[in-house]
There are 2 protein chains.
Amino acid sequence: MKGKAALTTDFIVETVAPIFNKNGYYGTSLSHLTKATGLTKGAIYGNFKNKEDIAFAAFEFNVDVVVEKIKADLADITDGVGQLYALFNFYRKYRMHTIAIGGCPIINIGVDANHQNDNLLHKVQEVIERLQYYIQKMIVLGQDQGTIKSDINAVTYAKRIFASIEGAMFMTATMNDESYINDMMDHIDNLVKTELEINSH
Amino acid sequence: MKGKAALTTDFIVETVAPIFNKNGYYGTSLSHLTKATGLTKGAIYGNFKNKEDIAFAAFEFNVDVVVEKIKADLADITDGVGQLYALFNFYRKYRMHTIAIGGCPIINIGVDANHQNDNLLHKVQEVIERLQYYIQKMIVLGQDQGTIKSDINAVTYAKRIFASIEGAMFMTATMNDESYINDMMDHIDNLVKTELEINSH
DNA sequence: AATAAAATATACCGATTGGTATAATTTATG
DNA sequence: CATAAATTATACCAATCGGTATATTTTATT
């Protein structure tokens, strides 16, 4: 039914997603979007109701880019502990993977939307809950498989690990210094090894 | 010489500092500033060269608010380990102290300025370097006092501690959940106790 | 190839943006 | 208390903001 428009919609989202991610909602104007896409306002508003809907789609696209890469890295790993270490390794190369879209969309849009756009903030919160739940499930899987101590609180550790990663990514992006994320992943590796894993000796 | 204007300048900065912190640079308009201060554009531009200079002053004011509170909490503590624990306790009540100005200015302006305003980003970077150096000095003081292991890397730990705190504050602000910062400070307390301190037993 | 439908471009809208020249008003100084 | 200087208010500027009605072009259908 709508062949061309669907492709154009996707093209717009892909093209403007890094702009919203870098500049935020009010820092991104319609002229940014027309200039980047080569389209006119008429074309853009034929594909989206308003600027806010473009920002929603851009955020979701940026998150999907990252999530798909994580899924690819974890595709063949079936043990919880292995999934955790693979996830940590992904974040070591996170910057390389996301510098094209302007850094972590969760931090960028989380900060941008807070105090500004409740609908967008709620979307960020949902994504955080989802990603945190992935980590939580990996811990629980490890517990079911007998490789992670059964008495540790999976929710608490998932939240702490996620917060640590976000903090290190913020610092790496702000200071332009990859040692923050690399050192933090070393630290979390060690945390899992010493506090979560059951020592087999 | 300039009695009234200096007071007005301070009044403007104090009044608009939370607005810039919450809304960011492009999210804050001159009409926000005139409305909040009750002054006209003429008055504001009589005290500042342009909008960017107001944003600079606002960021520095917000940082000072936090730094002064930290200094007050650490005033009477002369041992490095004690200073570290007092700093961590400050961050447990950080949200309470900074919710009025709209959260952590380092995260807010760090994200806002990145990809947008290099001059402002450099100011954020300078503040981060300064605060990190404070933590580093506390660790070195502990080493000099014989309470912290001499072989640990003060710079590495200062960076990791700072990144962890920023991450937890971002999560607490974004998810409106204080458990992130509280749990993270528990974790860092434990980190200092188990990895940094020399056990006296 | 003709026609209907979908998609894009053009041209415009009122409102707001950051900023400024100038007039009116305070404030300090003699 | 008069006057000069500093400060604030008013009125305006061009440019840009997000958004839309309509005209034009492109695409799908017959």
Side-chain angles (χ1 to χ4, degrees), chain A residues 1-59 109 112-113 115-121 123, chain B residues 1-59 109 112-113 115-121 123:
Chain A
M1 278 297 173
K2 39 143 73 180
K4 187 79 185 307
L7 288 174
T8 305
T9 301
D10 290 349
F11 166 73
I12 293 171
V13 172
E14 291 166 27
T15 307
V16 309
I19 302 174
F20 272 104
N21 201 39
K22 287 177 193 161
N23 301 345
Y25 187 75
Y26 287 107
T28 303
S29 69
L30 261 295
S31 67
H32 282 117
L33 310 186
T34 55
K35 192 177 174 185
T37 56
L39 296 168
T40 60
K41 274 198 280 190
I44 289 175
Y45 275 90
N47 286 274
F48 292 94
K49 190 176 99 222
N50 52 31
K51 185 185 167 187
E52 193 178 31
D53 273 13
I54 311 175
F56 290 164
F59 172 68
I109 307 303
D112 186 64
H115 306 108
Q116 295 255 54
N117 187 324
D118 274 350
N119 293 328
L120 196 46
L121 179 62
K123 281 186 185 288
Chain B
M1 278 296 174
K2 37 143 74 183
K4 185 80 186 307
L7 288 174
T8 304
T9 301
D10 291 349
F11 166 73
I12 293 171
V13 172
E14 291 167 28
T15 308
V16 308
I19 301 174
F20 272 105
N21 201 38
K22 288 176 194 163
N23 300 346
Y25 187 74
Y26 287 107
T28 302
S29 68
L30 261 295
S31 67
H32 282 119
L33 309 186
T34 55
K35 191 177 175 185
T37 57
L39 297 168
T40 60
K41 275 197 281 190
I44 288 176
Y45 276 89
N47 286 273
F48 293 93
K49 191 175 100 225
N50 52 31
K51 184 184 166 186
E52 193 177 31
D53 273 13
I54 312 175
F56 290 164
F59 172 67
I109 308 303
D112 186 65
H115 307 106
Q116 295 254 53
N117 188 325
D118 274 351
N119 292 329
L120 196 46
L121 179 61
K123 282 188 183 287

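Just so we're clear, the structure is a prediction, and the values are computed from it rather than from any experiment. Every heavy atom of this structure was used, including side-chain atoms; hydrogens, water molecules and symmetry mates were not.
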- Message: At 4.0 Å (heavy atoms only), tell me whether Thr28(A) reaches a base, stays on the sugar-phosphate, or touches nothing.
- Response: sugar-phosphate
- Note on the structure: Tested for side chain to side chain contact (heavy atoms under 4.5 Å, CB included) against Asn21(A), the lone hit among Val16(A), Thr28(A), Ile109(A) is Ile109(A)
- How long is the line joining CG of Leu30(A) and P of dT16(C), in whole Å? 17 Å
- Query: So which nucleotide from dG18(C), dG18(D), dA9(D) ends up closest to the side chain of Tyr45(B)?
  - Reply: dG18(C)
- Task: Specify the separation, in whole Å, of atom CZ of Phe20(B) and atom P of dG18(C).
- Result: 8 Å
- Given atom OH of Tyr26(B) and atom P of dT16(D), what is their separation to the nearest angstrom? 13 Å
- Query: Where the side chain of Lys51(B) is defined as all heavy atoms beyond and including C-beta, which of dG19(C), dG19(D), dT8(C) is the nearest nucleotide?
  - Reply: dG19(C)
- Message: Taking the minimum atom-to-atom distance to the side chain of Thr8(A), which one of dG18(C), dT8(C), dC12(C) wins?
- Response: dT8(C)
- Query: Roughly how far apart are Tyr25(A) OH and Leu120(A) CG, rounded to 0.5 Å?
  - Reply: 9.0 Å
- Measure from CG on Asp53(B) to C1' on dT20(C) and round the result to the nearest Å. 16 Å
- Side-chain atoms of Lys41(A) come closest, of dC12(C), dT8(C), dT8(D), to dC12(C)
- Contact class for Thr40(A) vs. all strands (heavy atom < 4.0 Å): base, sugar-phosphate, or nothing? base
- When rounded to whole Å, the CG to C1' distance for the pair Leu7(A) and dA6(C) reads 14 Å
- Message: Expressed as a whole number of angstroms, how long is the span from Ile44(B):CD1 to dG19(C):C1'?
- Response: 12 Å
- Message: I'd like to know if the side chain of Asn50(A) reaches the main chain of Asp53(A), judged simply by a donor and an acceptor atom lying under 3.5 Å from each other, with no hydrogens or angles considered.
- Response: yes
- Looking at Ser29(B), does any N or O in its side chain come under 4.0 Å of the phosphate oxygens OP1/OP2 on dT16(C)? no
- Task: Starting from P on dG18(D), measure out to CZ on Phe48(A) and report it in whole angstrom.
- Result: 15 Å
- Query: Between Leu39(B) (CG) and dT25(C) (P), how many Å, whole number?
  - Reply: 17 Å
- Nucleotide nearest Asn50(A) when distance is taken to its side chain, options dC17(D), dG19(C), dG19(D): dG19(D)
- Side-chain touch Leu121(B)/Asn117(B), heavy atoms, less than 4.5 angstrom: no
- Query: With a 4.5 Å heavy-atom cut-off, do Phe20(B) and Asp112(B) have their side chains touching?
  - Reply: no
